Student: 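Okay, here's the structure, questions in a sec.
All values reported here derive from a predicted model rather than from experimental measurement.
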Amino acid sequence: MFTPSFLTANDKAGAYPASYYAASANPVAGFDTLAENSTCDVVVIGGGFTGLSSALHLAERGYDVILLEAHRVGWGASGRNGGQVGSGQRREQDELEKMVGMDDARKLWDIAEQSKDIVKSLISRHNIACDWKPGILHADHRERFVKGTHEYADKLRDEYGYDQIRSIGRDEIRQMVGSDFYYGGSLDMGAGHLHPLNFALGLADAARKAGVRIYEDAQVTRYETGEKVTVSVAGGKTITADMLVLGCNGYLDALEDRVARRVMPINNFIIATEPLGDDLARELIRDDVAVADSKFVINYYRLSADKRMLFGGGETYSYHFPRDIRNFVKPYMLEVYPQLRDAKIDYGWGGTLAITMNRMPYFRRVEPKVFSASGYSGHGVAMATLAGQIMADAVSGTMERFDVMANVPVPRFPGGKSLRYPLLVLAMTWYALRDRL
């Protein structure tokens with residue numbers, strides 16, 4: 001299906017990682033394994049947000065859909081991430097205005113707003129219990145960044161009519177996060193956060209009820225196109241379909257090189273403390289919002305439903321996770337919250353996401369019968385979910401939103417696949433040093 005190292009190097013085949021999310025996952029009836037060759041209208045590869053949303057929306061349009069997942073639904077980044085449902089695209093609007101022009105920048109903003117709306121509507125429509133909470137706080141770790149953050153909040157309000165964001169000063173942010181690490185920021189109450197694995201499991205259950213045939217432990221080895229699309233699965237079974245949707249993100253590499261040249265997997269890591277109790281939790285994040293800071297190698301964190309600190313920080317660019325993820329991430333947490341030095345770390349886990357050179361997602365019609373969306377660059381909970389609906393539209397012949405996303409220029413990584421890792425490590429080393437200045 002994908003580069004074997006990313007599928008198998010860090011995790012037990014067919015099992016969720018030992019994460020807080022897996023430990024607190026909602027019970028869901030199991031899914032079948034593929035027992036025979038099959039046919040359908042559309043085959044979807046990947047059981048994360050992109051694939052599950054694609055399959056659900058296609059089935060709701062009347063298509064006969066098969067979804068293939070190499071391990072378990074929500075097994076990849078969709079079930080391991082920070083759970084933040086942010087506003088806008090991964091790049092800010094002033095950058096997008098220069099990149100694609102005012103008209104398309106406005107369309108990209110509207111699409112991003114739709115991505116938040118679809119998450120909320122799916123939670124409501126399918127009664128998905130995933131601990132949805134409003135609010136994301138952007139926190140500036142350098143005083144010189146605050147002016148720009150406040151100006152951007154003003155821009156969103158004045159030019160884009162977005163009135164759910166406000167500027168935060170130094171005194172207020174230190175009360176909000178119980179730390180002296182930050183100098184100001186902005187609070188976006190139109191954004192929010194959730195339990196990502198439970199959201200993915202809820203989408204899977206909704207897709208199954210809509211008629212999607214979901215097969216786990218179905219590792220795709222290749223696909224071929226002709227009059228039909230033929231997808232080969234490890235073990236010798238095949239799926240024949242009219243159309244193919246690729247929702248593989250960080251696990252795509254070996255399956256579709258034309259996308260992989262522009263989309264690269266990286267690993268990211270999260271720890272979860274023991275439950276901290278109401279008083280300490282309120283001291284750490286007073287208003288129970290999620291936090292994402294201004295470091296290039298970003299810190300992102302929030303409280304779980306049972307008042308644990310879920311703290312994400314640090315990245316690696318090899319196939320393998322650190323041997324001790326808890327001690328790899330803990331220094332990042334203690335830099336912000338030294339008062340958690342003695343807190344027990346109950347869970348530490350990693351996941352493989354995908355980035356692009358300019359951090360914008362890469363939508364592509366690879367061939368007339370093949371659609372792909374990936375490379376959400378850490379901004380994928382909402383956008384990947386909407387991407388599924390957008391690709392379902394495209395399969396149905398409505399290309400407007402797909403074309404807006406596909407028209408965003410996403411450059412290839414320099415040096416091709418063989419050199420992109422060492423070049424990225426050099427670049428990220430520089431940015432990590434810049435974070436310390």
Side-chain angles (χ1 to χ4, degrees), residues 10-12 15-27 74-84 129-133 135-137 139 141 173-182 193-201 267-293 295 297-316 320-353 378 381:
N10 302 294
D11 300 285
K12 182 178 178 181
Y16 293 111
S19 69
Y20 163 75
Y21 295 139
S24 55
N26 296 329
W75 177 89
S78 295
R80 309 186 191 203
N81 63 80
Q84 298 198 10
C130 60
D131 305 329
W132 169 263
K133 299 174 186 176
I136 294 180
L137 175 66
H141 78 296
I173 201 167
R174 293 184 176 187
Q175 294 170 6
M176 293 177 73
V177 299
S179 172
D180 294 336
F181 192 65
Y182 301 114
H193 54 108
L194 49 69
H195 186 305
L197 179 55
N198 279 337
F199 180 56
L201 293 172
N267 298 322
N268 200 254
F269 310 98
I270 303 178
I271 56 175
T273 67
E274 63 187 335
L276 300 173
D278 290 342
D279 291 343
L280 180 53
R282 182 173 174 81
E283 173 191 325
L284 299 174
I285 305 179
R286 185 190 66 192
D287 303 316
D288 205 9
V289 298
V291 184
D293 72 17
K295 296 180 74 173
V297 182
I298 189 173
N299 292 322
Y300 53 96
Y301 49 96
R302 62 193 184 91
L303 298 170
S304 66
D306 60 352
K307 301 298 191 287
R308 301 170 187 270
M309 174 60 70
L310 307 180
F311 197 99
E315 295 176 343
T316 64
H320 295 283
F321 295 169
R323 290 187 177 183
D324 187 346
I325 291 175
R326 300 181 195 196
N327 282 325
F328 178 79
V329 178
K330 188 175 181 179
Y332 296 97
M333 181 179 73
L334 295 183
E335 187 176 29
V336 179
Y337 289 122
Q339 62 266 52
L340 291 179
R341 186 169 304 278
D342 296 326
K344 182 174 179 289
I345 308 298
D346 281 348
Y347 302 95
W349 67 95
T352 301
L353 62 149
V381 178

Student: Using the test salt bridge (Lys or Arg N to Asp or Glu O under 4.0 Å), find all partners of Asp346 that sit at least two apart in sequence or belong to another chain.
Tutor: Arg308, Lys344
Student: Check for a donor-acceptor pair, side chain of Arg341 on one end and backbone N or O of Leu334 on the other, with a separation under 3.5 Å.
Tutor: no
Student: Taking ring-ring contact (aromatic ring centres under 6.0 Å, His included) as the criterion, tell me which of Tyr300, Phe321, Trp349, Tyr347 meets it with Phe269.
Tutor: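 Running ring-ring contact (aromatic ring centres under 6.0 Å, His included) over Tyr300, Phe321, Trp349, Tyr347 with Phe269 returns exactly one hit, Phe321.
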Student: Drop me the distance from Ile270's CD1 to Arg302's CZ, to the nearest 0.5 angstrom.
Tutor: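 Here the interatomic distance stands at 8.0 Å.
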Student: What pair of heavy atoms forms the shortest contact from Arg80 to Gly351, and how long is it?
Tutor: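 What the structure gives for the nearest pair is CD-CA, 3.8 Å.
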Student: Backbone N or O of Leu201 within a donor-acceptor pair of the Asn26 side chain at under 3.5 Å?
Tutor: no
Student: Rounded at 0.5 Å granularity, tell me how far OG in Ser78 sits from CG in Leu353.
Tutor: 10.5 Å
Student: Looking only at heavy atoms, which two atoms of Leu197 and Ala25 are closest? And how far apart?
Tutor: CD2-CB, 4.0 Å
Student: With rounding to the nearest 0.5 angstrom, report the CD1 to CE distance, Ile285 to Met309.
Tutor: 4.0 Å
Student: Do Asp306 side-chain atoms and Pro275 backbone N/O form a donor-acceptor pair below 3.5 Å?
Tutor: no
Student: May I ask you to test the Asn81-Tyr21 pair for a side-chain heavy-atom distance under 4.5 Å?
Tutor: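 Asn81 does not reach Tyr21 side chain to side chain.
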Student: For Glu274, give me all partners under salt bridge (Lys or Arg N to Asp or Glu O under 4.0 Å), at least two apart in sequence or on another chain.
Tutor: none
Student: Quick check: closest heavy atoms across Leu276 and Ala343, and the distance to 0.1 Å?
Tutor: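 Here Leu276 and Ala343 meet closest at CD2-CB, 4.3 Å.
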Student: Only counting residues at least two apart or in another chain, list the ones meeting side-chain contact (heavy atoms from CB on, under 4.5 Å) with Ile136.
Tutor: Gln84, Ala191, Ala290
Student: Please list all pairs meeting side-chain hydrogen bond (donor to acceptor under 3.5 Å, both in side chains) that have one or both residues in residues 275-290, counting only residues at least two apart or in different chains.
Tutor: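 Passing the test, one end in residues 275-290: Lys133-Asp288, Glu283-Gln339.
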Student: Which pair of heavy atoms, one from His195 and one from Ser24, lies closest together, and at what distance?
Tutor: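 Result for this residue pair: NE2-OG, 2.9 Å.
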Student: Work out which heavy atom in Ala200 is nearest to a heavy atom in Gly74; give both atom names and the distance.
Tutor: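 Where Ala200 meets Gly74 most closely, the heavy atoms are CB-CA, 4.0 Å.
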Student: Quick one: CD1 on Ile173 to CG on Leu137, what's the gap to the nearest 0.5 Å?
Tutor: 4.5 Å
Student: Which pairs pass salt bridge (Lys or Arg N to Asp or Glu O under 4.0 Å) with one or both residues in residues 320-333, sequence neighbours excluded?
Tutor: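 Matches after skipping sequence neighbours: none remain.
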Student: Mind listing the closest non-hydrogen atom pair of Gly135 and Val289 along with its distance?
Tutor: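 Smallest interatomic distance, heavy atoms only, reads O-CB, 3.5 Å.
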Student: Identify, with sequence neighbours excluded, every residue that meets side-chain contact (heavy atoms from CB on, under 4.5 Å) alongside Asn299.
Tutor: Asp293, Lys295, Tyr301, Phe311, Tyr332, Val336
Student: Assess whether side chain to side chain contact (heavy atoms under 4.5 Å, CB included) is satisfied between Val177 and Tyr337, documenting all intermediate values.
Tutor: CA-CA 9 Å; Val177 299; Tyr337 289 122; 3.6 Å; yes
Student: Does Ile345 reach the side chain of Thr273, with side-chain heavy atoms less than 4.5 Å apart?
Tutor: yes
